[in-house]
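What follows is a single structure, written as structure tokens, with notes after it.
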Number of protein chains: 2
Amino acid sequence: MATGDNSSEKSLARAVSILDCFRPEQPEWGVSEIARHLHLSRSTAGRLLQSLQAQGVLGQNTATRRYIMGSKVLTWSSAYMSQLDVARAARAALVELHRVTCETASIYVREGTERICVERIESPESVRVVVRRGERMPLHAGSAGKALLAFAPEEIVRQVLSKPLERMTSRTIVVRKQLLKELEIIRNCGYAISHGERFEDALGLGAPIFDSTGRVVAALNVAGPITRFTDDQAARFTPILLQLAAQASQAMGYRGTYFQSILRSE
Amino acid sequence: MATGDNSSEKSLARAVSILDCFRPEQPEWGVSEIARHLHLSRSTAGRLLQSLQAQGVLGQNTATRRYIMGSKVLTWSSAYMSQLDVARAARAALVELHRVTCETASIYVREGTERICVERIESPESVRVVVRRGERMPLHAGSAGKALLAFAPEEIVRQVLSKPLERMTSRTIVVRKQLLKELEIIRNCGYAISHGERFEDALGLGAPIFDSTGRVVAALNVAGPITRFTDDQAARFTPILLQLAAQASQAMGYRGTYFQSILRSE
DNA sequence: TCTATTGTCCCACATCGTGGGACGAAGTAT
DNA sequence: ATACTTCGTCCCACGATGTGGGACAATAGA
């Protein structure tokens, strides 16, 4: 997956792997640095970087001559977002969830056996859960991940279980049987709760968003530090979360009665 | 600018122009469609699209075989954002501005003689100002644009004035002298106001954010439909906007007294 | 049903990308 | 200050790599 040499275009593949080097942890790269990192000659690395800059994909710190991401990728990502109508449909719910809870609220979609944060509003508090748009996380850890997994096709659950469940914190569920039981509970409750399974010391709530065909297309999530986001708070927010997930599902064209049956039984 | 054939890499340039086709207005493309649009042979277009998909840059609607943006661009854009520490420093201000006003709040940075929306929280209302991350707009129209321009280097002002000022709405300032006078006023007030200059029927407020060297690095903006966002409201929100711009500037390392002098004189 | 258009595959050709090496500039240690 | 390393860029000959035409089956539309 790291070196997908499946494609024929070599220079293109290299350009992509160059772009992949630019990450929040290290947003700036020099020519030789890239060359070393990707085992390229400096000529090649330099020329590719120049080309990418000429195309506006990369920018350059004129002082240090080091390269940084360019603003073009923002435009691309907005194209991605608009095609993902989940994000559009769920945005109102996201804003409302954030307004009510004042905690970090986010939306995840599943891609294969991972989930990706496609939108998020962070808590204004200085101690908060931080997630970045585009960040990938596992499905088995964290409320949003479990919510996605609980309603995913069986095939996906099988794939997730076929590999060892990576431990993210001391409370991550790593026992297969326990995870399956948890997914069952989630299907009954309509939401998932995570006590520090993904981030130590954080509590998270997650609920599925369905589309018109009844498939899960996303998970709505809110998470905060346990010092502030207590179980009492979580209990208060749960019906709101479900209400908003129902509303977002409706916006996606969902006409089923899953949420009604859950909310009635509460 | 459309066909930057400055770069040597041909396939790379083509790949980039393919990616540029994916826009919110048309997020899905077929092979032949792309080939026609960019005057490529179907073989070439198809192969490039396949490669881009293999790299994870594009996705594919398996039913229609048409291509869409892939989630990788989200990761790239988060690298761009993190390198832009403006966004980080100003996020708290953005959230607060949105919370207080319940209108669409956004952050713009200048790039050449344009501005780009790098972050935004949309109003939960159904009638609202809509801007997309990565969207480019002119500097002379709209509150955030004028705020950026008012504090930009003279060279930039000259460049903006050297071309005709494009009319975006009936109220856009298109007379050079009038724009210069407006910029003067903005420097005195510390903020810019736009009555439908960029979007017809919208009112916007914009304030500059400075960094440690005293240069403007961004503009903080809030905008809403005039039916709801009246002049009275604007007057109430102005000191808050200035306060938040001051706070964001401080987070960027600004130690000047510009905002104090403005806020004192109010 | 027939027809037009789609996406994919194959292949010969030459264009385009490649890496080695040389160069001056900038930074670092002595 | 000098010597040394490391930086980004440039040049160039070689050949790997990307190219477009055409054929193909599959699909969509009439």
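Chain identifiers are assigned alphabetically (A, B, ...) following the order of the sequence lines, protein sequences preceding nucleic acid strands; residue numbering begins at 1 within each chain.
Residue A:L38 contributes atom CG, which lies 15 Å from atom C1' of C:dG19 at whole-angstrom precision. Between the CZ atom of B:R65 and the C1' atom of D:dA28 there is a distance of 14 Å, rounded to whole Å. Remark: P of C:dG7 and CD of B:E28 are 12 Å apart, rounded to the nearest angstrom. As a whole-Å value, the separation of A:N61 CG from D:dC7 P is 16 Å. In this entry the distance linking CD of B:E33 with C1' of D:dA28 reads 15 Å, nearest Å. Following rounding to the nearest Å, B:I34 (CD1) and C:dG7 (C1') show an atom-to-atom distance of 14 Å. Straight-line distance from the CG atom of A:L12 to the P atom of C:dC16: 16 Å, rounded to whole Å. Rounded to an integer number of Å, the gap from B:R66 CZ to C:dT6 P is 10 Å.
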### Query
Between A:V160 and A:L165, is a side-chain contact (heavy atoms from CB on, under 4.5 Å) present by the stated rule, with each step listed?
CA-CA 8 Å; A:V160 168; A:L165 301 173; 3.9 Å; yes
### Message
Using side-chain contact (heavy atoms from CB on, under 4.5 Å), reason through A:I156 and A:L139 one step at a time and then give a plain yes or no.
### Response
CA-CA 10 Å; A:I156 299 297; A:L139 289 176; 4.0 Å; yes
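Using modelled atom types, one finds no donor on one side chain facing an acceptor on the other under 3.5 Å when comparing A:T113 with A:Q159.
Taking only side-chain nitrogens and oxygens, A:R36 comes nearer than 4.0 Å to OP1 or OP2 of D:dC7.
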### Message
What does the B/S/- profile of nucleotides 19-27 of chain D look like, 5' to 3', with a 4.0 Å heavy-atom cutoff to protein?
### Response
BBBB-----
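Evaluated for a salt bridge (charged side-chain N to carboxylate O under 4.0 Å, His left out) with A:E28, the options A:R23, A:R65, A:R66 yield exactly one hit, A:R66.
Using cut-offs of 30° and 60° for the angle between ring planes, the B:F210 and B:F151 rings count as perpendicular.
A salt bridge does not link A:K72 with B:E111: none of the charged nitrogens is closer than 4.0 Å to a carboxylate oxygen.
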